[in-house]
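Just so it is clear, the values below take in all heavy atoms, side chains as well, and ignore hydrogens, waters and symmetry mates.
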Amino acid sequence: MDNIRTIEKQMKALAGRKRLLILAYLKRHKFATVSDLARELKSKVFAISQHLRVLRTLEIVRDNRLGRSVAYRLSKEQEEPVKKVLSML
């Protein structure tokens, strides 16, 4: 039952257009900072940070410190439904 809830939360997180654009960018570029994503997606840094927080909490993306900034990348281990969505991007 916990697995069903996890998948449900992940699918809800992937239902947003902006989050799919973030994931597509990370898939193409391997990693990016919040500023990179905000510039590319023409969004505010705060909005991108909030989307990344949701994706990070659900372990869809991971963060790495690079000096004073934080870079995000796709998690290596994904649930099968997330893998399928990523393969379509």
Residue pair Arg68 / Arg65: nearest heavy atoms and the distance that separates them: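 The answer is O-NH1, 4.0 Å.
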
Co-membership, hydrophobic cluster, residues [X] and [Y], 4.5 Å side-chain:
X     : Y     : value
Tyr25 : Phe31 : no
Leu26 : Leu41 : yes
Leu23 : Met88 : yes

Contacts of type side-chain hydrogen bond (donor to acceptor under 3.5 Å, both in side chains), residue Ser75, not counting sequence neighbours: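 Ser75: no side-chain hydrogen bond (donor to acceptor under 3.5 Å, both in side chains) contacts found.
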
To the closest 0.5 Å, what do you measure between [atom1] ([X]) and [atom2] ([Y])?
X     : Y     : atom1 : atom2 : result
Lys84 : Gln78 : NZ    : CD    : 14.0 Å
Asn3  : Glu80 : CG    : CD    : 11.5 Å
Gln50 : Leu52 : CD    : CG    : 9.5 Å
Ser35 : Leu37 : OG    : CG    : 9.0 Å
Arg53 : Asp63 : CZ    : CG    : 13.0 Å

Assess whether atom CZ of Arg28 is packed by more than 12 heavy atoms of other residues, nucleotides or ligands within 6.0 Å. yes

Evaluation steps, side-chain hydrogen bond (donor to acceptor under 3.5 Å, both in side chains), between Thr33 and Asp36: CA-CA 5 Å; Thr33 65; Asp36 294 336; 3.1 Å; yes

Check: Leu86 main-chain N/O paired with Lys27 side-chain donor or acceptor under 3.5 Å: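 Yes, because the side chain of Lys27 sits within donor-acceptor range (under 3.5 Å) of the backbone of Leu86.
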
When you compare the side chain of Gln10 with that of Pro81, does any pair of heavy atoms fall below 4.5 Å?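 No; the side chains remain at least 4.5 Å from each other.
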
Find out whether Val82 and Met11 are in side-chain contact, i.e. whether some heavy atom of one side chain is under 4.5 Å from a heavy atom of the other. yes

Could you walk me through whether Leu21 and Glu40 pass side chain to side chain contact (heavy atoms under 4.5 Å, CB included), step by step? CA-CA 10 Å; Leu21 290 170; Glu40 179 70 22; over 6 Å; no

Under the criterion side chain to side chain contact (heavy atoms under 4.5 Å, CB included), which of Val61, Ile48, Leu55 is the partner of Tyr72?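 When side chain to side chain contact (heavy atoms under 4.5 Å, CB included) is applied between Tyr72 and each of Val61, Ile48, Leu55, only Val61 qualifies.
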
